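What you are looking at is a predicted structure, and each value in this text was computed from that prediction instead of being measured. Any value given below was found using the heavy atoms of this structure, including those in side chains, with hydrogens, waters and symmetry copies removed.
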Amino acid sequence: MAHKILMVEDDFALAMGTEYALTSEGYAVATAGNLAQAREKFDDSIDLVLLDVMLPDGTGFEFCKELREKKSDVPIIFLTELGADDYVTKPYRVKELLARVAVNIRRYEQARQASQENSSRVITFGNTTFDGEAFVLTQHGEKLDCTTSELRLLRFLLQHRGQVISRSAIMEQLYDMDGEFFEDNTLSVYIKRLR
């Protein structure tokens, strides 16, 4: 799935040229010519914002401040340094802009992934608790006797809660983790024991 960029730029020619360069690199671009459009088009699917300072209905500073007040940590590449993750000055080189976009999206994804991993380290369901970092499964405060492979399977399943995962994908994941081949029957035994 392509990373989605919201570009807020009122200079039509510059916006079109930049959008062309970004889409050529595989990004999906939503373009806004003013703050009102930017507010309408911004949602959780946006991976990065390219934000102009001077806009017809206000400044990019206002939009940047709104996003930060909403606790959005989406990267912003701005024309000044105030509150943004990066900045470029006009006229800018397209290659430099593309490099900065890639770096900021990569940094954002790494931070988001680290945050998700930390938040899912200890998971409680019912009277059972799983500590994915310490690899300990407890029920009613008592440690359950599980193999490392079973706990790796449990951690994988918990990381993909709410998703349907094929048996082959699970077996492939177990193979990647342990470096040994798992038969379909082995997987069935692991799942039965975890239940």
Between [atom1] on residue [X] and [atom2] on residue [Y], distance to nearest 0.5 Å:
X    : Y    : atom1 : atom2 : answer
L48  : I105 : CG    : CD1   : 5.0 Å
T128 : H140 : OG1   : NE2   : 7.0 Å
D43  : K4   : CG    : NZ    : 5.0 Å
L22  : L50  : CG    : CG    : 6.0 Å
D73  : R107 : CG    : CZ    : 12.5 Å

Check this for me: [X], atom [atom1], are more than 12 non-hydrogen atoms of other residues, nucleotides or ligands nearer than 6.0 Å?
X    : atom1 : answer
N127 : CG    : yes
D44  : CG    : no
E96  : CD    : yes

Is [Y] close to [X] at the side-chain level, that is, under 4.5 Å between some pair of heavy atoms?
X   : Y   : answer
C64 : L51 : yes
Y20 : V29 : no
L55 : V8  : yes
V94 : T18 : no

Considering all heavy atoms, the nearest [X]-[Y] contact:
X    : Y    : result
Y108 : D47  : CD2-O, 3.4 Å
V136 : K143 : CG1-CG, 4.1 Å
P56  : N34  : CD-CB, 4.2 Å
I46  : V74  : O-CG2, 3.6 Å
F63  : L35  : CB-CD2, 3.6 Å
F61  : F78  : N-CZ, 3.4 Å

Would you confirm whether [X], through its side chain, and [Y], through its main-chain N or O, come within 3.5 Å as a donor-acceptor pair?
X    : Y    : result
K41  : T31  : yes
E109 : R106 : no
R100 : N104 : no
E25  : Y27  : no
T23  : E19  : yes
E62  : G58  : no

Report the C-alpha distance between I77 and V101 in whole Å, list the side-chain angles of each, state the deciding distance to 0.1 Å, and finish with yes or no for side-chain contact (heavy atoms from CB on, under 4.5 Å). CA-CA 8 Å; I77 297 181; V101 165; 3.9 Å; yes

Are L98 and M16 connected into the same hydrophobic cluster when the rule is that any two of I, L, V, M, F, W, Y join if their side-chain heavy atoms are below 4.5 Å apart? no

With side-chain contact (heavy atoms from CB on, under 4.5 Å) as the test, would you mind laying out the steps for T129 and L137 before giving the verdict? CA-CA 6 Å; T129 302; L137 182 65; over 6 Å; no

